[in-house]
Amino acid sequence: MSFIKKFIEQETINRRNLLLASAYGLGGAAALRTLGATPARATTANPTIAWSYRDRTNPYWNYIVSGGEAFVESLGKPKSALVNLINEGSSEKSLADVKALLGKEGSNLALAIDANDAPNCRPVVEAVAAAGAYVSTIWNKTDDLHPWDFGDNYVSHMTWSDEGPAEKTARILFDAMGGKGGVVHLGGIASNNPAIERLNGLKNALKDYPNIQLLDAQPADWDTQKANQIMASFLTRYGDNIKGVHCANDTIAYGVIEALRAEGIEGMPIVSYDGNQQAVELVAKGEILATVFTNPHWGGGITAALAYYAATGVFKPSAEPKEHREFYGPTILITPKDAAEFKAKYLDSTPKYDWKDFWGPGNGQIKYK
Amino acid sequence: MDNFLTRDNLQKWAPLLVLFALVLFFSVANPNFLSMRNFARISILSTPSLMIGIGVTFIILMGSIDLSMEGAVAVCAVLFATMFTALGGSLAGWGWLAVVGALFVGALFGLINGLVHVGLKIPSFMASLSMGFVGIGLSLLITGGDRIRVEDPLFRSLLTYRLGGFPLMVYVALAALLIAGFIQGRTKIGRNFYAVGGGEDLAHASGLNVARVRVIGFAIAGVFYALGAMLAVAQIGIAETVTGRNLMFVSITSVVVGGTALWGGAGGVWNTLVGVLIVNVIGNGMVVMGLPSYVQDGVLGLLVIIAVYLSTDRRSLSFVK
């Protein structure tokens with residue numbers, strides 16, 4: 001297998017060299033201009049605003065885009081002023097789209113992006129910085145890539161830490177179980193970061209509950225049907241020993257609930273994650289004890305706003321502290337007590353956000369392990 | 001002669017023997033496996049894939065293949081739920097019309113699939129694969145990526161109401177299986193499937209309209225996909241674009257493991273029943289034993305290879321392509 005590894009390494013280095021060379025070239029040209037009579041153009045009056053993301057088939061990304069559009073409208077522009085770059089899960093397409101747009105707009109671009117996977121974030125950021133445009137990223141970046149290494153051009157990165165909230169839902173679950181008995185976990189795709197963090201959250205909570213036993217944890221791939229099937233098999237394997245279910249997200253919880261319904265089991269404590277509409281309704285009814293909302297609408301709007309206002313010079317990223325450049329997004333825990341209120345506030349209507357309050361709803365600086 | 005008969009018999013009964021062996025094995029591994037409640041669980045999980053399996057059995061009998069089921073199921077499920085909701089959302093009211101509508105949509109989808117394959121002379125695997133994508137795209141267009149909930153208690157009683165320990169949907173599936181058995185054994189079109197699969201040139205030469213048989217076959221398969229889609233919705237109460245996901249692999253695996261030959265002419269829907277049970281018993285049994293799911297996928301893959309090897313009379317094959 002080593003030859004494959006070597007090949008990938010070589011390709012990575014080649015790509016990096018190419019990008020660094022082009023960045024150097026453009027940077028050099030900019031430096032020359034600074035030395036000459038014309039002053040370097042640090043900001044731009046009316047940049048094009050673009051959002052680059054995976055697809056439109058998923059409620060999550062639809063919420064992200066709705067936030068981006070709400071922000072664009074707050075500037076007095078039509079929704080169509082937001083440029084949508086859809087990468088369909090391909091990092092190559094993501095980078096190619098960004099480069100094409102940079103070719104057209106040059107430095108006159110404010111880009112919000114989820115780079116699709118962590119390694120792709122660096123070439124995207126480097127391409128944007130080389131063109132003198134502005135970029136804010138969410139979710140995917142490698143740990144060694146930081147906005148402050150790129151002056152003003154890499155404005156910010158936001159991600160969500162799932163470990164803490166998943167631990168909170170686990171505690172709610174354990175308390176509902178009376179602090180004893182067996183629990184099963186149905187997780188996301190095994191290698192997904194959020195899936196790992198959500199299981200870790202459960203394990204952290206377990207340390208404080210010696211009488212709770214984790215019977216089993218299996219990946220259900222964020223999939224309702226798969227979760228349904230696994231829960232049915234869990235019931236065969238562990239039977240009445242299962243006293244509670246910890247689900248990695250809402251779609252999994254739906255499958256679990258139906259597997260229990262098929263058996264006529266009622267009132268089994270279940271917790272979930274994501275805060276989808278249907279899940280919040282189930283929380284209100286008490287069929288799910290808790291779920292967690294990450295506010296993708298705000299995330300979509302604020303990421304575009306950060307890039308835009310940096311580009312227009314409203315704030316200077318390099319003058320901001322590190323916790324304003326890399327930070328966690330908001331998470332809201334929803335329990336039966338506040339579900340109705342939450343639904344009225346966030347789901348039935350969309351709150352008006354102040355798109356210049358960049359860091360208020362955030363959750364502090366990103367910590368690396 | 002004696003030897004040949006033994007081999008023939010063994011090939012015929014091997015899937016059923018495998019099923020019994022598996023049940024025995026998992027029962028020894030975990031006594032919980034051998035319980036009425038667990039058999040009910042396995043049967044619930046089996047019903048949608050049994051319906052899809054029956055549909056594709058007819059296609060495979062003709063020596064063709066159908067890979068459109070995920071798209072067909074998505075379209076049928078999503079349109080069923082949409083119509084059901086629009087008609088008042090209750091089987092007691094006008095909701096039953098949505099059932100008829102979904103069966104019609106399935107038949108239409110299959111018909112188009114068959115016409116594309118036969119009329120445009122595109123190999124069935126390519127035509128059906130493309131139609132599957134069309135189906136996924138269509139259902140995305142209808143739902144916009146959202147999920148449609150079907151919560152009518154009467155419709156959900158397919159899952160929740162039990163008769164003799166098994167939910168109603170299992171009996172619906174059995175009834176459909178009997179109808180499929182009837183089509184296969186007692187009707188002209190059923191026998192024609194075998195004729196086309198056994199020797200297309202011969203069937204054609206003896207005056208059979210092979211193209212017509214194929215198109216009808218795809219349409220019948222579509223009706224069973226629609227049935228499977230509705231049972232899948234009954235199972236989790238949600239219709240969405242991914243309702244049919246994974247059903248392609250599971251159903252074709254089931255057909256092959258059940259002993260229906262991939263080149264057509266041999267096997268049938270009863271084999272498919274055994275195949276579906278084998279696949280679902282393994283799926284259930286592996287979790288019951290505590291094996292991780294990726295091992296489960298790997299085992300199913302190996303199973304297909306073994307099943308095809310065992311069910312093939314290699315002396316009758318001059319070459320494999």
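Convention: sequence-line order gives letters A, B, ...; per-chain numbering from 1. Because the structure is a prediction, the values reported are computed rather than measured.
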Would you mind telling me which of B:Asn284, B:Leu45, B:Val287 makes a side-chain contact (heavy atoms from CB on, under 4.5 Å) with A:Gln229? B:Leu45

Quick check on [X] against chain A: is it the side chain, the backbone, both or neither that has a heavy atom closer than 4.5 Å?
X: B:Thr243; result: both
X: B:Ile236; result: both
X: B:Asn30; result: side chain
X: B:Met286; result: neither
X: B:Ile238; result: side chain

Would you find a donor on one side and an acceptor on the other, under 3.5 Å apart, between the side chain of A:Arg237 and the backbone of B:Gly285? no

Would you confirm whether B:Arg162, through its side chain, and A:Ala262, through its main-chain N or O, come within 3.5 Å as a donor-acceptor pair? yes

Contact origin within A:Gln277 toward chain B - heavy atom pairs under 4.5 Å: neither

For A:Leu235, is it the side chain, the backbone, both, or neither that has a heavy atom closer than 4.5 Å to a heavy atom of chain B? both

Hydrogens and angles aside, do [X] and [Y] bring a side-chain donor and acceptor to less than 3.5 Å of each other?
X: A:Thr236; Y: B:Arg41; result: yes
X: A:Thr224; Y: B:Arg147; result: yes
X: B:Gln235; Y: A:Asn228; result: yes

Rounded distance (nearest 0.5 Å) linking atom CG of B:Asn280 with atom OG of A:Ser233: 9.5 Å

Answer yes or no: is there a side-chain heavy-atom contact under 4.5 Å between A:Lys226 and B:Asn246? no

Top residue by heavy-atom pair count (under 4.5 Å) with chain A, among B:Arg149, B:Arg37, B:Glu240? B:Arg149

So with a 6.0 Å cut-off around CG of A:Asp240, is the heavy-atom count from everything else above 12? no

